[in-house]
Each structure stands twice: as structure tokens, then as C-alpha cells.
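Right, one structure below, let's go through it.
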Amino acid sequence: MTYDFRKIEEKWQKFWAENQTFKAENDSQKEKFYVLDMFPYPSGAGLHVGHPLGYIASDIYARYKRHKGFNVLHPMGYDSFGLPAEQYAIQTGQHPAITTETNISRYREQLDKIGFSFDWSREVRTSDPNYYKWTQWIFIQLFNSWYNKEADKAEDISNLIAKFEKEGNQNVNAVCDEEVLDFSATEWKAFSPKQQQEILLKYRLTYLAETEVNWCPALGTVLANDEIVNGVSERGGHPVIRKKMTQWSMRISAYAQRLLDDLATVDWPQPLKDSQTNWIGRSEGAEVTFKVNGHEEVIDVFTTRPDTIFGVSFMTLAPEHELVSKITTPEQKVEVESYIEATAKRSERDRMADVKTISGAFTGAYAEHPFSKEPIPIWIGDYVLAGYGTGAVMSVPCGDQRDHDFAKHFNIPIPNIFEGVDISEEAYADKEKTIIANSDFLNGLPYKKAVKHVIYELEKLGQGEGKINYRLRDAVFSRQRYWGEPFPVYYIDGMPQMIDQEHLPIVLPEVVKYLPTETGEPPLGNATVWAWDVKKSAVVSNQLIDHKSVFPLELNTMPGWAGSSYYFNRYMDPTNENEIFSKGAIDYWQDVDLYIGGSEHATGHLLYSRFWQKFLFDKGVVPKPEFAKKLINQGMITGTSAFVYFVVARFAKDKQFYIAISKSAWGKVDEVIKKWRNTPPVNEKPFRFSVLNRTHSNVKYVNGSDELDIESFRNDVMNPEFKDAIFIGEKGKVIEDNDDVYIVGREVEKMSKSKYNVVSPDSICEEYGADSLRLYEMFLGPLEQSKPWNTAGISGVYSFLKKMWRLYHGGVEGAFMVTDTEPTADNLKTLHKTIKKVEEDIENFSFNTSVATFMICVNELATQKCNSREVLEPLAVLVSSYAPHIAEELWNQLGHTTSIATAPFPKFDEKYLVESSKEYPISFNGKMRFKIELPVDLSKEEIEAAVMAHDKTQEQLQGRTPKKVIIVPGKIVNIVG
RNA sequence: GCUCGAGUGGCGGAAUUGGUAGACGCGCUGGAUUCAAAAUCCAGUUCUUCGGAGUGUGGGUUCGAUUCCCACCUCGAGUACCA
């Protein structure tokens with residue numbers, strides 16, 4: 001009986017599916033463990049070997065935890081709304097739901113072949129109405145909530161209304177829009193219902209507001225900040241411009257501080273925490289109010305260096321600042337307006353690419369220094385960003401390099417307010433060593449004291465206060481797309497109304513085309529049945545809209561991150577129709593214990609999910625403020641591209657001929673050309689040769705020794721020019737009848753179709769089996785590191801599996817043979833050191849080293865000719881997390897009728913590892929020179945005596961007397977001198 | 001520019017608290033088996049002037065450093081006028 005992986009894998013995959021082996025129960029007495037993979041988007045391209053890396057690691061961990069007696073939740077589903085299916089729909093007219101369905105089937109097929117222990121009964125899809133019902137539900141909860149800073153949590157909007165009715169808004173400490181005016185209880189009651197709604201929108205956690213958004217004309221939609229990379233769209237790389245639009249937004253800024261603080265409570269990778277910290281961008285400082293000479297209006301600035309207030313020599317406003325037009329003097333009007341026009345034309349990308357050019361314009365207006373009362377010129381400059389802080393800065397050229405550059409460029413004075421510092425060439429930004437000078441009451445103070453003092457003085461004047469600013473902006477939540485969750489929102493008199501929860505889901509309507517309408521409305525504007533009848537509580541035809549009982553529905557859809565921000569909770573009770581999940585389910589499963597996925601989600605998915613989790617926590621829906629205790633970012637698997645090097649011989653009459661040159665001859669191209677010129681293998685003489693060039697070869701034509709399968713390469717339709725090419729082999733001669741080999745060049749590159757280095761898991765499963773694939777992916781290196789894929793190496797783990805199979809099949813003609821003979825001491829030692837190492841490795845997520853441990857174990861047991869059940873049975877369990885199919889088969893042959901999945905993990909016993917002697921490494925000055933075998937129970941003195949008496953010691957010393965002998969019993973002997 | 005992370009044979013990588021550097025595998029070399037090939041098995045495989053040297057470079061701490069400290073170099077990832 002040989003190791004027939006195809007038969008075995010098919011058999012057990014079928015068994016697991018039929019027996020629902022990995023179904024997790026919500027009412028188990030066992031302790032829970034929740035292992036989660038990041039939600040995949042089912043793309044049409046299918047999986048390459050890089051994709052399942054994290055899934056394999058999490059699967060090993062999930063299977064291990066089952067062996068350890070846990071009730072494991074290990075689900076999988078699809079983030080199935082998204083742009084590619086919609087773009088395809090625009091091009092072909094095929095409904096995105098169909099494209100999505102096809103892609104999911106393909107995806108599922110690929111996943112199934114790898115033998116994952118997913119509980120497929122819990123599968124969710126974000127585009128399924130039964131799922132997005134709850135996405136809409138959460139949206140409504142957010143709409144009906146406001147953020148109470150006093151309690152530091154989200155509360156129901158009814159609380160806020162009650163407060164307004166009782167005492168107006170003066171004493172309300174909420175996170176809300178900037179421009180909310182104060183009103184009393186009487187005034188509140190006097191407002192019209194519409195006015196009241198407008199005010200409440202400024203407090204709600206999701207709100208409708210005209211905001212400046214990132215508009216991507218090519219995609220026809222707005223994008224969130226994290227969807228823009230280097231000033232262009234993340235998907236497609238299209239330009240993005242700033243535009244004012246009425247959009248739904250999420251008040252994530254309310255949670256900025258908590259999102260920052262709670263990072264300390266989760267076991268996530270430091271780089272990921274760093275990038276979230278960075279993205280939230282907390283800075284401490286002060287807001288200072290400057291009066292403007294001759295105007296009612298004031299300019300608020302945010303600064304982290306209020307201690308440098310006496311160094312202010314000008315102010316700079318963002319060109320978009322609303323005060324610019326009001327304060328600009330008639331004389332400066334032309335200059336300022338032309339500057340604003342010029343900056344508005346520059347795209348985000350231009351502005352980012354070109355940060356060195358200094359530009360600006362003087363408004364002609366002056367502000368008044370809060371203390372010295374001196375006039376300060378007010379400039380505008382595009383180095384000040386409208387979206388950060390107040391969009392205005394107090395410019396301190398001696399302490400800030402950008403202000404310094406600006407001042408120098410426009411010949412603005414640069415007063416020095418630092419003791420003993422030269423600021424003629426560049427600004428001095430060091431905080432710690434700063435002593436303030438030329439600053440009235442701040443003279444002689446160090447940074448920290450000066451900050452405290454100046455804030456105190458500003459507060460006394462009523463012109464400033466200490467403030468904490470965040471870079472994190474509220475997240476735009478509307479997308480002008482078709483393939484996303486519809487909002488459960490209709491409009492009465494322009495004011496948004498929520499549809500009652502009991503009528504959810506509001507199902508995405510059918511449209512005839514997926515593009516924006518001719519009037520520029522989002523694709524849902526094409527829907528003909530898209531109006532809300534409040535009497536019938538149903539979606540009805542647009543023709544019935546009368547603004548009395550039938551109203552228009554929202555035309556935007558939700559962004560990609562809506563459905564993925566809570567899916568980990570929905571898995572706990574995915575088919576519940578009455579609740580997002582039952583109390584019992586969430587109380588049992590609580591949160592994710594291990595989350596594995598890519599680092600590209602650092603500032604998108606992982607920040608939004610934390611935000612929604614905290615909101616649901618505030619509302620008492622979930623019991624934990626963080627959804628994932630531990631998170632691991634798996635590294636990327638890169639491809640190992642193969643290159644064929646060649647020169648082109650050109651003839652008259654536009655004819656040319658390709659000559660491929662093997663690796664050893666790259667340096668000798670001239671010789672090749674010379675030889676070829678003199679004795680061309682074709683009838684004509686070439687007149688010109690190209691330089692040495694190279695082209696990608698498909699990696700499947702290259703074997704483990706980097707030899708090219710020339711015939712296959714010749715016949716590949718991708719490179720017809722090589723059809724009749726000649727190949728010069730390693731010996732420097734033209735290859736004929738396989739008398740030589742052609743060696744390709746290799747280079748590590750990103751795995752991509754265009755580089756012909758994509759390897760699919762299916763082809764690996766077909767050739768070596770899923771168990772080999774799983775082992776090899778782990779064997780490549782540490783999970784978190786990026787590493788290159790090279791299929792050639794897989795033969796190592798494949799022969800390991802065959803060897804392991806033979807260990808259980810030592811009978812006649814490979815018949816199964818495991819005996820009940822007593823294991824030897826060596827057998828047990830091998831087994832127990834393997835148990836110890838594998839357990840430690842899995843706990844440390846060091847999966848690569850346990851594969852090596854398995855190999856050592858099987859090699860040793862094979863040498864020992866071990867076929868004892870007492871050893872081979874626990875070995876099958878050890879291996880089963882990594883290579884589950886072969887383990888199940890062996891387990892079955894060992895006589896078990898139930899799955900190995902819940903077999904207890906073997907127990908490690910120290911006693912089998914106890915040795916009676918130790919082979920001591922003997923070092924001289926720290927360098928190991930030889931080893932001697934000594935009993936372990938020798939004292940230091942006895943060891944020293946034995947070592948010094950040894951011939952080799954004397955040989956090394958050559959008559960010298962050692963200065964010192966270091967002895968660490970059980971470890972090492974080091975002789976110094 | 002800033003912030004992180006990483007540099008070990010031909011290649012992927014190992015060395016868990018400072019204690020035998022190069023485990024395990026690929027590739028390579030030689031051999032066995034075979035009519036032959038595949039498969040399998042055995043031996044060797046960091047460099048070396050055979051004294052030794054050696055974990056990116058230079059220094060330091062230590063009896064002893066891939067591991068700790070300082071400076072530098074290279075590569076990778078993230079971020080970018082954040083006041």
C-alpha cells in the first residue's frame with residue numbers, strides 16, 4: 001500500500017463535510033476558543049499559494065485547540081459587496097450578484113481542496129439580505145445615538161432630546177459639529193420639527209452633512225481617506241479631487257481617544273498599533289484666538305507650541321479658509337484670488353509630490369497678538385491644510401521649519417525667542433532643551449512650564465485654552481455605487497427618516513444599468529421601484545411618490561467596510577432572524593481569541609471594526625470593548641520569477657532570430673555572437689545583434705535545478721518569437737537532442753500574472769496533495785515574515801509524508817503494520833521531545849519549526865525501526881493539525897471509528913528525556929574545539945578534573961596553564977588562557 | 001524626511017533565559033539499487049593557505065555575543081506639509 005494522497009484527501013474531505021466534524025456548538029460545556037481569518041473578497045482571479053498562508057496557520061491553531069479540549073469556532077464567509085463585480089456589471093450588463101456567486105463557488109472549491117476545518121454552517125455573505133439586514137440595523141442604532149463626553153460613551157438620542165427640552169444645549173457636553181449654536185429649552189420647543197431634526201443631525205453618530213469629500217470622477221464615487229493611496233484611488237489608481245457633497249458620515253472622531261487608549265489592551269503587532277496611533281494622530285497643545293484688526297471675526301489656531309507665542313511674526317490660513325475672502329484688503333484682492341485659483345487647480349497628487357515649492361499670498365489684513373497687541377500680518381499658503389486643526393496656524397519661524405522656509409521666502413522677520421540658539425539658517429524645534437527668551441512673562445522658562453503658564457494666561461484673557469487635537473476625521477459613509485448595502489432611509493422634506501427595524505432588510509432594487517443617471521445621481525437613481533410607502537411600510541414604485549405617504553428613498557449605498565465591521569460577531573449566531581445574535585451566543589463566544597490576516601487592513605477595516613465594536617459595547621450589545629484579543633499579520637508570499645536570457649540576430653528583410661543563452665554564458669555573449677556570425681545555422685548572415693535581453697518564462701517550465709523545459713517554453717503561446725529560437729546551453733553549445741541543459745535566471749518578485757510566477761494551490765494539491773501544500777507553506781519560514789515561494793522545495797515535505805506513511809506500513813508489500821510491542825526508551829524519547837517541541841511551537845505560532853521537528857521525529861523512528869502503537873498513535877495526533885488527511889487515514893487504520901479531530905493532544909512526560917550522561921562541548925576562549933562524554937551528576941570540580949586530564953585539552957593548551965575554567969554544569973566548559 | 005522591521009551557506013531558514021552557529025529542507029557532489037528512468041537508500045556539502053576564520057560593517061560589555069549596548073551601511077514595509 002502506497003501513500004495515495006488523492007484518494008485519502010478526497011475521502012476525508014467528504015467525511016468531514018458529511019459528518020459536520022467541525023460544527024461548533026453554541027451551548028457547549030467546553031471552554032470556547034474563537035479562531036478567525038480575515039474576511040476575503042471573492043475575486044474572479046481565484047487564489048494563488050500566497051492567499052491560504054494565513055488560513056493554514058489559523059487552521060492548525062484551531063485544530064490544535066480542539067485536541068486540547070476546546071469548543072472551537074472557526075468560521076469563513078465572504079465580503080461579497082465590492083467594486084470589481086460592479087465594474088464588470090457596467091462593462092457587460094451581468095448582474096453583480098451573478099458574478100459574485102460564480103466567484104464564491106470557485107473560491108469555495110479551492111478552499112475545500114486544502115482541507116480546512118471551517119464550520120461552513122456559519123458562512124455569511126455581506127451581500128445577502130439576511131446579513132445586511134443587520135448592517136442596516138446597526139446604521140439605525142448609530143443614527144439614534146449621540147456621544148456623551150460626560151459619560152464618555154454613546155447614548156440614546158432620546159436622552160439628548162430630553163435634555164434639550166429641559167435645559168437647552170448649554171450644559172450638554174457632546175461630540176458634535178463645530179457650528180452648533182446655543183439654545184435654551186424654550187427656544188428648542190419653539191423650533192419647527194425640521195429645525196429640530198437639523199440640530200439633532202449635528203449630534204448623531206451617523207449624520208448627513210455637506211462635507212468636503214474625495215471625489216473620484218473615474219469611479220464615479222467618493223472615497224474614504226484610507227481608500228486613497230498617494231493621492232489616487234487604491235483600486236484602479238484614478239485621480240481624486242476635493243468636492244463638497246452631502247454625504248452620510250460616521251462620527252468616529254468621538255472615539256479617537258478610546259481607540260488610542262485601548263490599543264494597550266490588545267495583543268496586536270506593534271507596527272499595526274503604530275500605524276493606528278499615527279492615523280489617529282493625537283497632539284496636545286492649545287487653541288489660541290487671535291483678533292483681526294478692523295473685523296468682528298477672529299482666527300482660531302491650534303498649536304502644539306503655545307510656549308512660542310511671542311515668536312509669532314505672521315499667521316497663515318489655508319487658501320480654503322472661510323475668512324480669507326472677508327479679510328482680504330482691496331489692494332491684495334487680485335493677488336489672493338489668483339493664488340486661490342492656482343492652488344485649487346492643483347490636484348491632491350501634485351500638492352503631495354511637490355512639497356518643496358513655497359507659495360503663498362498676503363491678505364493685507366493684520367491680526368492682533370493676544371499679549372503684545374502688536375499687529376501680525378495674515379498670509380495664506382497651501383502648506384496649511386484646511387482639513388487639519390482649524391485650517392489656520394500661528395507661524396513661528398524660529399521654531400518651525402515650514403514657517404521658517406515661508407518667512408525666508410517672503411522676507412518676513414524671524415524673531416528669536418530661544419536662549420543661546422542660532423536660528424539664522426534653520427528653525428530650532430527641540431522641546432526638551434528649550435529655554436524661552438524675549439517673551440515677556442515666559443522668559444527663562446523651559447518648554448513644559450512655559451506651556452502651562454501661557455495657557456493659564458490665555459484662559460485669563462479668554463483667548464485660548466489647552467486642547468487635544470486628532471488627525472482622525474469622521475468617516476464618509478456614502479458611496480455613489482450600486483453593489484452595496486442600501487440605506488434604510490427615506491426623505492421627508494429633505495430630512496432623513498429611518499425605516500423601522502421590523503421592516504428590514506430594505507433589499508437592493510433592480511436597475512437596468514449600473515451607471516450614474518443622466519442627472520448625475522447614483523446608480524440607484526435608475527431604479528423604478530424605489531420609494532417608501534409609510535402606510536404600507538413597503539418599497540413601492542417611484543411613480544407613487546406624493547411626499548404625503550410615499551417618499552423617495554436614499555440613493556447612495558454603504559461603503560465596503562460597513563459589512564465587514566461586525567461580521568466576527570454575526571458568526572456567533574449567523575442565522576438568527578430576530579436579533580443580530582442571541583444573548584446566549586455572544587455571552588458564550590465573547591470575542592475573537594486569535595485573528596489572522598494581512599497588515600494592509602491596519603487603518604481601514606481594523607479601525608472601523610474597533611469603532612463599531614466600541615459603539616455596540618456602549619449600547620450593551622456586545623460584552624467586550626475590543627473584538628480581537630490577539631492578532632497576527634501573516635507575511636506575503638512572493639514569487640520566484642524565471643528569466644530566459646537572449647540576444648536577437650537581425651537579418652535584412654525584417655527577419656530576425658532569437659538566440660537564448662544559458663546562465664553560464666551570460667558573460668560570454670560576445671563569443672556566442674562571434675561564433676554565430678561566422679557559422680550561422682541558417683542560410684543568411686545576420687547583420688546586427690541586440691544586447692543581452694531577458695523575458696519572463698512561466699515558472700511551471702522550470703525544475704528544481706533551474707533547468708528550462710525548452711520544448712514547453714518554445715510552444716507557449718505567450719512567446720511565439722521563441723518558437724524557432726536556438727538555445728545555447730551550459731556547455732556553450734547549441735542544445736540538440738537534450739545533450740545539454742538551459743539554466744534560467746531567477747529573481748524574487750511579487751506574485752502576479754504578468755510575471756508568469758503565479759502558482760495556484762489547486763495545481764499543488766493535484767500534484768503533491770493538500771497535506772504537502774499545508775506543510776510546505778508552513779515550512780517556508782516564520783508566519784509573519786514575507787518569503788519567496790519556490791515549488792521545487794516541496795519535494796522535501798512530500799517525501800517526509802511518504803516516509804511517515806512507511807513508518808505505519810512496514811508490512812509485506814507495504815501493508816499496514818503497527819504492533820503492540822513495548823516501545824524502547826529511544827522510541828519514547830523521540831516521541832516526547834517531539835510532543836514538547838510541537839506544543840511549544842504551536843503556542844508560539846512558530847509553525848515552520850514544528851515541521852522540521854516532525855521530520856526529525858520520523859527520521860529517528862525510522863532508524864529505530866519503531867512500529868509500536870504506543871508511539872505511532874500519539875504521533876498521528878501531533879501531525880494531524882498540520883497534515884489532517886494523512887493523520888485521519890492513519891488514525892482510521894489504527895482502528896478508530898471517530899475522527900482524529902477531537903482526539904486528546906498527547907501528554908508530554910519529562911521522565912523520558914532524562915539522560916545519564918552529557919556530551920560536554922569543551923571551548924577554549926569561547927571557541928568549541930571538541931566534546932567529551934561525562935555523566936550528568938558530576939560536580940563542577942569533577943568535571944574540571946576530567947576535562948583537564950583529557951589528552952585533547954593538553955594538546956590545545958600546548959603547555960600553557962589556563963587562567964580560568966568556566967563550568968556550567970549540564971551546558972558547557974570554557975577554558976580561558 | 002519620520003516610524004517600524006530585517007540583514008546568518010548557492011537557496012528557504014534554525015539556534016526559546018547570552019552557552020556546541022548553520023538544525024530541518026531544497027539544490028549540488030559521489031555512491032548503492034535499476035537494462036534504463038522514476039522512486040528509494042547511504043555518504044558529503046560555510047570558507048579555509050588546514051593554523052584557523054566566520055552570523056551586514058566598525059567598536060564595546062562578557063570567561064563566552066547571531067543574541068545585550070553604541071555608531072554606521074544596505075534592504076523591506078508603513079507614513080508623509082498634522083502646526
Side-chain angles (χ1 to χ4, degrees), chain A residues 2 229-230 269-275 277-279 281-283 285 301-305 308 316 351-352 354-356 358 381-385 387-396 399-403 405-406 469-472 599-600 602-603 633 635-636 640 703-706 746 748 775-776 779-782 784-797 799-800 802-803 806 837 840-841 843-844 846 848-856 859 862 919-931 962-968 970-977:
Chain A
T2 53
V229 178
N230 294 328
Q270 198 54 45
L272 197 158
K273 288 187 180 184
D274 289 347
S275 71
T277 305
N278 225 318
W279 194 261
R282 181 188 204 267
S283 47
V301 302
F302 174 73
T303 175
T304 54
R305 295 295 303 274
T308 63
T316 316
R351 248 170 104 159
M352 280 168 66
D354 175 30
V355 297
K356 289 272 153 15
I358 296 159
D382 70 356
Y383 81 98
V384 176
L385 305 174
Y388 184 74
T390 59
V393 301
M394 59 175 223
S395 302
V396 183
D400 182 288
Q401 194 55 46
R402 290 155 305 169
D403 294 344
D405 294 342
F406 194 88
N469 201 41
Y470 300 92
R471 200 185 76 129
L472 184 71
S599 54
E600 68 273 18
T603 50
N633 289 132
M636 201 177 46
T640 311
N703 73 6
S705 309
D706 295 348
R746 305 222 78 162
V748 171
L775 283 170
Y776 189 53
F779 191 58
L780 280 180
E784 296 173 78
Q785 248 172 54
S786 102
K787 56 238 159 193
W789 177 271
N790 189 350
T791 305
I794 202 168
S795 65
V797 294
S799 17
F800 156 73
K802 284 190 285 193
K803 215 166 179 178
R806 282 201 301 276
K837 177 80 174 131
E840 282 169 4
D841 283 346
E843 297 282 1
N844 294 322
S846 173
N848 53 326
T849 49
S850 22
V851 179
T853 305
F854 291 139
M855 290 174 172
I856 294 168
N859 286 345
E919 197 177 31
Y920 276 93
I922 312 301
S923 309
F924 291 80
N925 299 317
K927 275 273 164 203
M928 202 277 288
R929 295 302 174 204
F930 59 88
K931 294 175 195 169
K963 286 195 198 114
K964 208 173 180 184
V965 180
I966 309 281
I967 292 159
V968 185
K971 288 249 162 148
I972 197 170
V973 175
N974 190 18
I975 297 164
V976 187

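Chain A is the first sequence line, chain B the second, and so forth, proteins listed ahead of strands; every chain is numbered from 1.
- Regarding contacts with the backbone of B:A14, a side-chain N or O of A:Asn848 is found under 4.0 angstrom from either OP1 or OP2.
- Side-chain atoms of A:Lys787 come within 3.5 Å of backbone atoms of A:Pro782 as a donor-acceptor pair (strictly under, hydrogens ignored).
- Just one of A:Thr849, A:Val851, A:Ile794 meets the side-chain contact (heavy atoms from CB on, under 4.5 Å) condition when paired with A:Phe779; it is A:Val851.
- Across all strands shown, B:C50 forms no Watson-Crick or G-U wobble pair with both key distances under 3.5 Å.
- Separating the CZ atom of A:Phe924 from the C1' atom of B:G51 is a distance of 16 Å, rounded to the nearest angstrom.
- A:Glu919 places its CD atom 15 Å from the C1' atom of B:G19, with the value rounded to the nearest Å.
- Listed pair A:Arg402 / B:C82 meets the phosphate criterion, a side-chain N or O lying under 4.0 Å from OP1 or OP2.
- Base pairing analysis places B:U40 opposite B:A32; the two distances defining the Watson-Crick or G-U wobble pair are each below 3.5 Å.
- Annotation: side chain of A:Phe800 is not in contact with side chain of A:Tyr776 (no heavy-atom distance under 4.5 Å).
- Taking only side-chain nitrogens and oxygens, A:Ser395 never comes nearer than 4.0 Å to OP1 or OP2 of B:A83.
- Using atom P as the reference point in both B:G25 and B:C42, the two lie 11 Å apart (nearest Å).
- Using a 4.0 Å heavy-atom criterion, one finds that A:Ser846 contacts no nucleic acid atom at all.
- Comparing A:Ile975 and A:Ile794 against RNA chain B, the residue whose closest nucleotide sits nearer the 5' end is A:Ile794.
- When each of B:U16, B:C26, B:U20 is scored by its nearest atom to the side-chain atoms of A:Lys837, the top-ranked nucleotide is B:U16.
- Counted by atom type alone, A:Ser395 and A:Thr316 present one or more donor-acceptor pairs between their side chains at under 3.5 Å.
- Here the separation of B:G12 from B:C35, taken at their C1' atoms, is 38 Å to the nearest Å.
- The residue A:Thr853 sits apart from the nucleic acid: no heavy atom pair falls under 4.0 Å.
- A:Asn278 comes within 4.0 angstrom of nothing in the nucleic acid, heavy atoms only.
- Under the Watson-Crick and G-U wobble criteria, each requiring two contacts below 3.5 Å, nucleotide B:C72 is paired to B:G56.
- Nearest-nucleotide assignment on RNA chain B puts the 5′-proximal partner with A:Lys802, out of A:Asp403 and A:Lys802.
- Between the side chain of A:Lys964 and the base of B:G64, no donor-acceptor pair under 3.5 Å is found.
- For A:Arg806, counting side-chain heavy atoms from C-beta on, the closest listed nucleotide (B:G19, B:U40, B:G12) is B:U40.
- A donor-acceptor contact shorter than 3.5 Å links the side chain of A:Thr640 to the backbone of A:Trp789.
- Rounded to whole Å, the C1' atom of B:G19 lies 10 Å from the corresponding atom of B:A65.
- Nucleotide B:C11 has B:G25 as its partner under the Watson-Crick or G-U criteria, with both atom distances under 3.5 Å.
- A:Arg282 comes within 4.0 angstrom of nothing in the nucleic acid, heavy atoms only.
- Atom pair A:Asp706:CG and B:G12:P shows a separation of 13 Å (rounding to whole Å applied).
- Per the geometry, CD1 belonging to A:Ile966 stands 17 Å off P belonging to B:G18, to the nearest Å.
- Considering only side-chain atoms of A:Ser283, the nucleotide from B:A14, B:G12, B:A83 that sits closest is B:A83.
- For the pair A:Tyr920 (side chain) and A:Gly970 (backbone), a donor-acceptor distance under 3.5 Å is present.
- Of the candidate nucleotides B:A83, B:U40, B:C24, B:C24 has the atom lying nearest to any side-chain atom of A:Ala852.
- The C1' atoms of B:U66 and B:A21 are separated by 7 Å, rounded to the nearest whole Å.
- Between B:U40 and B:U55, the distance separating the two P atoms is 37 Å to the nearest Å.
- For the side-chain contact (heavy atoms from CB on, under 4.5 Å) criterion with A:Val965, the lone passing option out of A:Val976, A:Val973, A:Asn974 is A:Val973.
- Judged by Watson-Crick or G-U wobble contacts below 3.5 Å, the nucleotide B:C2 has B:G78 as its partner.
- The glycosidic torsion of B:G18 lies more than 90° away from 0, which places this base in the anti conformation.
- Across all strands, A:Thr303 comes closer than 4.0 Å only to sugar-phosphate atoms, never to a base (heavy-atom distances).
- Nucleotides B:G5 and B:C68 have their P atoms positioned 12 Å apart, rounded to a whole Å.
- Relative to the side chain of A:Lys787, the nucleotides B:C24, B:U3, B:G13 differ in distance, and B:G13 lies closest.
- Counting non-hydrogen atoms under 4.0 angstrom, A:Lys273 reaches nothing in the nucleic acid.
- As the counterpart of B:C63, B:G19 is assigned, both hydrogen-bonding distances of the Watson-Crick or G-U wobble pattern falling under 3.5 Å.
- A:Ser705 has a side-chain polar atom (N or O) that falls below the 4.0 Å cut-off from OP1 or OP2 of B:C28.
- Going from the P atom of B:U17 to that of B:G59 covers 28 Å, rounded to whole Å.
- Between the side chain of A:Asn469 and the backbone N or O of A:Ser283, no donor-acceptor pair lies under 3.5 Å.
- In this structure, A:Asp382 atom CG and B:C82 atom C1' are separated by 15 Å, rounded to whole Å.
- Residue A:Arg929 places no side-chain N or O under 4.0 Å from the OP1 or OP2 atom of B:G64.
- Taking the six-membered ring where tryptophan is involved, the planes of A:Phe406 and A:Tyr383 are tilted, since the angle between them lies from 30° to 60°.
- The base of B:U20 has none of its N or O atoms less than 3.5 Å from a complementary donor or acceptor on the side chain of A:Lys927.
- A distance-only check finds a donor-acceptor pair linking the side chain of A:Asn844 to the backbone of A:Glu840 [under 3.5 Å].
- Comparing B:C24, B:U79, B:A14 against the side chain of A:Ile856 picks out B:C24 as the nearest.
- The interatomic distance linking A:Asp405 (CG) with B:C81 (P) rounds to 15 Å, in whole Å.
- Considering only the side chain of A:Ser795, B:C26 comes nearest among B:G12, B:C26, B:C41.
- Checked against B:U17, B:C63, B:U16, the side chain of A:Asn974 finds its nearest nucleotide in B:C63.
- Phosphate proximity of B:G5 to A:Gln270: absent, as no side-chain N or O sits under 4.0 Å from OP1 or OP2.
- More than 90° away from 0 lies the glycosidic angle of B:G27, which makes this nucleotide anti.
- Residue-level contact check: A:Asn859 touches the backbone only, with heavy atoms under 4.0 Å from sugar-phosphate atoms and none from bases.
- Out of B:A83, B:G78, B:G13, the shortest distance to the side chain of A:Pro782 is found at B:G13.
- On the P atoms, B:G78 is 49 Å away from B:G52, given to the nearest whole Å.
- Straight-line distance from the CG atom of A:Leu780 to the P atom of B:G12: 11 Å, rounded to whole Å.
- B:G12 atom P lies 13 Å from atom CZ of A:Arg746, rounded to whole Å.
- Between B:A83, B:G25, B:C41, one nucleotide has an atom nearer to the side chain of A:Met855 than all others, and that is B:G25.
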